[in-house]
Amino acid sequence: MLARRVLIGVPYLWLLVLFLVPFGIVLKIALSDYALSIPPYTPTMDFSQGWSGVKRFFAALDLENFWFLSEDDLYWKAYLSSLRIALISTFLTLLAGFPIAYAMARAPQEWRPALMMLVILPFWTSFLIRVYAWMGILSNEGFLNQALMGLGVIGTPLTLLNTDIAVYIGIVYTYLPFMILPVYATLERMDESLLEAAEDLGCSRLSAFWSVTFPLARPGMVAGCFLVFIPALGEFVIPSLLGGSGTLMIGKVLWEEFFANRDWPVASAVAIVLLLLLIVPIILFQRNEQKQREANR
Amino acid sequence: MKRLSWFNIVALTLGFAFLYIPMLILIVYSFNASKLVTVWAGFSTRWYGELLRNEAFLDAAWVTLRVGVFSSTIATVLGTMAAFVMVRAGRFYGRTLFSGMIYAPLVMPEVITGLSLLLLFIAVGLERGVITIVLAHATFSMCYVSVVVSSRLATFDESLEQAALDLGCTPWDAFKSVTLPIIAPAVIAGWLLAFTLSLDDLVIASFTAGPSATTLPIKIFSSVRLGVSPEINALSTIIIGIVTVGVISASLISKRAIVRQRQDEQAAVG
Amino acid sequence: MTSSLDDTAFAPWKKADAVPLIRFEGVTKRYGDFTAIDNIDLNIYEREFFALLGPSGCGKTTLMRMLAGFEDASEGAITIAGQNMKGVPPNRRAVNMMFQSYALFPHLTVYDNIAFGLKRSDMPKSEIAGRVEEMLRLVQLGKFARRKPHQISGGQRQRVALARALAKGPKLLLLDEPLGALDKKLRQQTQFELMDIQEKTGTTFVIVTHDQEEAMTVASRIAVMDHGRLVQVDTPDRIYEAPNSVYVADFVGDIDIIRGHVAAVDGDIAEIVWAEGKPPLRGTAAPGLSAGGPGALAIRPEKITISKDDPGAVHNKVRGKVEDIAYLGSMSTYVVLLPDGVRLKCQMANVRRISRRGIAWEDDVWLSWTDTAGIVLPE
C-alpha cells in the first residue's frame, strides 16, 4: 500500500506543483494590476499581515484586464484573425493531406511502412528548422520567385514572405503529418470489399468514393482537423517567422505583451482567454476520440 | 498485386515533394560558397567550419543536450509511473484531476505552458537557468511518455506479473525482472520522444531560460529572425542528418526484430 | 447404491481419519454487490487430481485464485496444510500456478523460465541447474532449453509452463484451463501426460476447466460449480451416472430430460408421471427424493434403444417419430419427437452398414430403456 501511495503520489504532486499551481498563478495575475515594480504587478500576497493581508489581496483582484482586452480592438482582431488563420489552414491541410493519405492506403502493402516512415520523419526533425526552410523559399529573391520568373510565369517577384499566405503555407507544411496519419489509419482499416460491394450494387467509382470511402474516413478527418486546429490557434513560431507585422495571432500577441511590453497581467489575461477559446475544440476532440475508441471495440 | 492509379501516383509525388523539397534546398544550400543564401556560387563546406568555430552555438548545443538528457530521463521515470497509475491503479481520490493533468499539456498551447511555468518560478524565487528549463521540459514531456507507455501497458498480459509473484517474486522484483524488460521498448521510445521534444522546443525554453542558459532553438530563433543565414543552413543540415539516421536505424532495428520473431514463430509451428 | 470404485483404490475423501491438504470453511467472496463465491465448504486431499468444473462466471477461477493468493476471502477461512492462508501473499505460498495464457516470460529462455522460481527460493545456486535439467527431462524439452518462448510450438509452451510451475516442488499445483489453447488432438494426448506427471511427482493438482470431458478424463474428483456454489462434488463416474441435480446432469455430457411429477418412490426405484394417459416411467431414485413433487427423469442417449418393433415387456417404452438423424461415423444420433412434444435423443453404435439398419426420417419407432438406466431427480 505504501508502494501504491508513492506511485500515485509522486507524479501527482509533480503535476500539481508544475502544472496546476502555475495555472492558478496565471489566473491570479490576470486579475491583478500592472505596476512598475518587480514583479511588475500588484497585489502580491503578503502573509506577514495575516488574515487581513489575504483579504486585502482578494479585494484587489478584478476583471480590469479582461475589460481592457475587450475594449482594445487589437485583441479582438488578434483573436478573430487567429481563429480565421487556424480555420483556413486546417482546411488547406485537409485538402493537401487527404489525397496523400488516400494514395498511401491504396499503395501496395509492402510500400506502406516506408511511406509511413516518410510522413513521420519530418515530425522528428526540428519544427523550427522546417519553418525556417520556407523563409529561403518565400522571400522576394527566394527559390519560388526565382523559379516562377525563370519559367516566365511572372515578371516581378511576388511578395509572399511576411504575409498571411506564408503563414498558411507554414502551418500546412508543419502540421501535414498530423492530418495524414489519422486519415490514413481510418482508410487503411477500411475493408476494400466495401467498395467492390458498392460498385456491384451500381455505384460508379466516383459515387462509391463519395458514398462509402468518404463517410468512413470522416472520424480520421475530424481527428486530423482537431490535431491541426488546436495547436495552430496558439501558434507562435510560424507567424513570427513567416508572418508580417500585419499578421495578428494570439500566441504572438501574448509573447510580445510579455517580453516587449512587460505587461504581465495583460499577457496572463490573454492566455486565459486563449484557453477559454480552446476548451470547446478540445472537448469536441476528446468526444470524437471516445466515439472512435468505442466504435473500434 | 494491384497497380497505383495515376491519381494516386500524382498525389504521392506532389505530397512528398512538398514535404521534402524545402529540406532538400536547405541541405543543398548549406554547401553553397556564397554568403547569399539563394544564389549558388559553388560547393564549399565553409559554413560548417564557421559553425564549429562559433562558440555561442556550441555552448547552446551543449546546454540543449544537457537539458534534453536530464529532462527526458526525469520525464521517463515520472511518465512511466503515471502510466502505471492510469492503467493499473484503479480508482483513487482525485483520479479525474490526475488524468486531466496528464492529458491537458498535450493540447495546451506552448505559450501558455511557458508563461505559467515562468510565473511559478518567479513566484517561488527560483533562479532561471538550466534547472528551470529541465523542470519545464520534464513536466510537459512526461505526459507524452505516459501516453506512449500506457498504450503498451494496456496490452500487457498481467498474468506475467502474477506468474512472477507466484514463483516467489516480491512485487518490486516482479516489476524489475519481468514487467520492465518487457515494456522496455515503449519506455525507450518514450525517452526518445521526450528527448526530441526537449531538443526541439523553443517557446517554453524561451520563457523559462534565464540569461545564463541559451538553448540551441533560442539561439537559432534569434538569429533567423534577422533573415536566412548559411550557418543556420549548415546547422539545420546536421540536425536533419542526425535525426534521419536515428529514425531510420531505429525503425530498421524494430522491423528486423519483428521479422525475426515472425520467422521464429513459423519455424516453431512447422 | 455401490460405488464403482474399489475400496482399496485411492480415495482419501472416504476415510474418516484422513487430513485434508486444503480446507475451505464457509468461504465467501464478494466484489461489491456481486457474490462470486457463496459460502463454500470443501476439502481437497493430498495427491488428489481435483477438477473445478463449471461454465464461465461460475466462480471456479476465483476459487483457484484464492488458493494462489491473488484474492482474499471476504468471509471464512482457507487453510493449506494446516496453515490459515489469510493475508499470505502469493510469493510466500508453497503453491504454484500454471496460467491459462501460460504467462511464459517472453524475454527469458525456456531454461531461465524454469529456473525463475528456483532463483528466488533458498535453493543453493549449484543445485538449480540440476533441478532445471530434471524438469526439462520430465516434460521432454531438453533440446529446447536455449529457445525463447516464441520459438517453440503451443504444445511445447504448455509443457514449459508446467515445468516452471512444478520446478519448486510445490505442495499444490493450480492449473487454470491448462489445455484450453491446444487443438483437440494435442489436448487429449496432453491430458494423459498431465496425469502421468501428476502421478510421478505426487503433487496435488487442482485444475479449473469448463470442458467436462477433460475433467472426466483427468480428475480423481470433480466439483461442479454454478453461481458461486458447489452443486456436486464427486468422482467422475458418480457425476456422470448419478448426478444429484438436473443442472449437473445437463452440464456433464449429453442427456435427455423428461419432466414430470414424482408419483412414487420405492427403495431405489422411482416412478415419474410425464404425460396424461401414458404409463409412468421408472428410474433410479436420486438420494433424498420423495414422492409428490415435481421431478425429472434424466437419461443418457446411449442408454436408450431404438427399434421399429415393439420392444415387448419393458416398463420404459415410448413411441415417436424420427425427426432427425445425425450420422457421426462410429455412431448415429436419432432425434425422436414424442406425440406430446417431448424430444428425445438416442445414440446407437453403428455396428451394421447404413443400408441394413432400416430406420429413416419420419419412421415411427419405439424407444426403450431399463428401469435403472435413468435417474429421477427432484426439481
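So you know, we letter chains A, B, ... as the sequences are listed, proteins then strands, and number each from 1. On a predicted model such as this, the values are computed, not experimentally measured, just so you know.
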Heavy-atom pairs under 4.5 Å with chain B are the metric here; pick the option from [options] that has the most.
options	result
A:Ala96, A:Ser126, A:Gly24	A:Ser126
A:Ala271, A:Pro231, A:Pro113	A:Ala271
A:Val21, A:Leu233, A:Leu115	A:Leu115
A:Leu128, A:Ile230, A:Leu20	A:Leu128

Counting only heavy atoms closer than 4.5 Å, note whether [X] contacts chain A via side chain, backbone, both or neither.
X	value
B:Ser206	both
B:Ile25	side chain
B:Phe207	both

Spacing of [X] atom [atom1] and [Y] atom [atom2] [to the nearest 0.5 Å]:
X	Y	atom1	atom2	answer
B:Leu19	A:Ile180	CG	CD1	5.5 Å
B:Asp200	A:Thr125	CG	OG1	8.0 Å
A:Leu121	B:Tyr20	CG	OH	4.0 Å
B:Phe140	A:Leu15	CZ	CG	13.5 Å
A:Leu18	B:Leu120	CG	CG	6.0 Å
B:Tyr103	A:Gln286	OH	CD	8.0 Å

Quick check on [X] against chain B: is it the side chain, the backbone, both or neither that has a heavy atom closer than 4.5 Å?
X	result
A:Ile137	side chain
A:Leu278	side chain
A:Leu227	neither
A:Thr174	neither
A:Pro122	both
A:Ile29	side chain
A:Leu254	side chain
A:Val270	neither
A:Leu275	both
A:Leu16	both
A:Ile129	both
A:Phe259	side chain

Non-hydrogen side-chain atoms of B:Ile122 and A:Trp264 separated by less than 4.5 Å: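 Counting from C-beta outward, B:Ile122 and A:Trp264 do come under 4.5 Å.
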
Any idea which of [options] has the most non-hydrogen atom pairs under 4.5 angstrom with chain A?
options	answer
B:Phe121, B:Tyr29, B:Trp172, B:Phe7	B:Tyr29
B:Gly79, B:Pro171, B:Ala123, B:Gly94	B:Gly94
B:Val10, B:Leu235, B:Val111	B:Val111
B:Pro22, B:Ala11, B:Ala89	B:Pro22
B:Lys255, B:Met108, B:Glu110, B:Arg88	B:Met108

Whether the side chain of A:Tyr102 engages the backbone of B:Asn8 through a donor-acceptor N/O pair (distance < 3.5 Å, no angle test) should be reported.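 Judged by distance alone, no pair lies under 3.5 Å.
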
Donor-acceptor contact below 3.5 Å, side chain A:Tyr12 vs main chain B:Arg95: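 Looks like no, no N/O pair under 3.5 Å.
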
Aromatic ring proximity, centroids under 6.0 angstrom, B:Phe221 and A:Tyr132: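 Ring-ring flag for A:Tyr132/B:Phe221: false, centres at least 6.0 Å apart.
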
Donor-acceptor contacts under 3.5 Å from residues 235-242 of chain A side chains, at least two apart:
from     : atom 1 : to       : atom 2 : distance (Å)
A:Glu235 : OE1    : A:Tyr175 : OH     : 2.6
A:Glu235 : OE2    : A:Val237 : N      : 3.1
A:Ser240 : OG     : A:Phe236 : O      : 3.0
A:Ser240 : OG     : A:Val237 : O      : 3.1

For atom CG of A:Leu7, is the number of surrounding heavy atoms from other residues, nucleotides or ligands below 6.0 Å larger than 12?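 Yes, CG of A:Leu7 has more than 12 neighbouring heavy atoms, counting only those of other groups under 6.0 Å.
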
With A:Phe23 via ring-ring contact (aromatic ring centres under 6.0 Å, His included) - residues at least two apart: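 For A:Phe23 the ring-ring contact (aromatic ring centres under 6.0 Å, His included) partners, ignoring immediate neighbours, are A:Phe19.
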
Aromatic plane relationship, A:Trp134 with B:Phe18 - under 30° parallel, 30 to 60° tilted, over 60° perpendicular: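 Ring orientation, 0 to 90° scale: tilted.
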
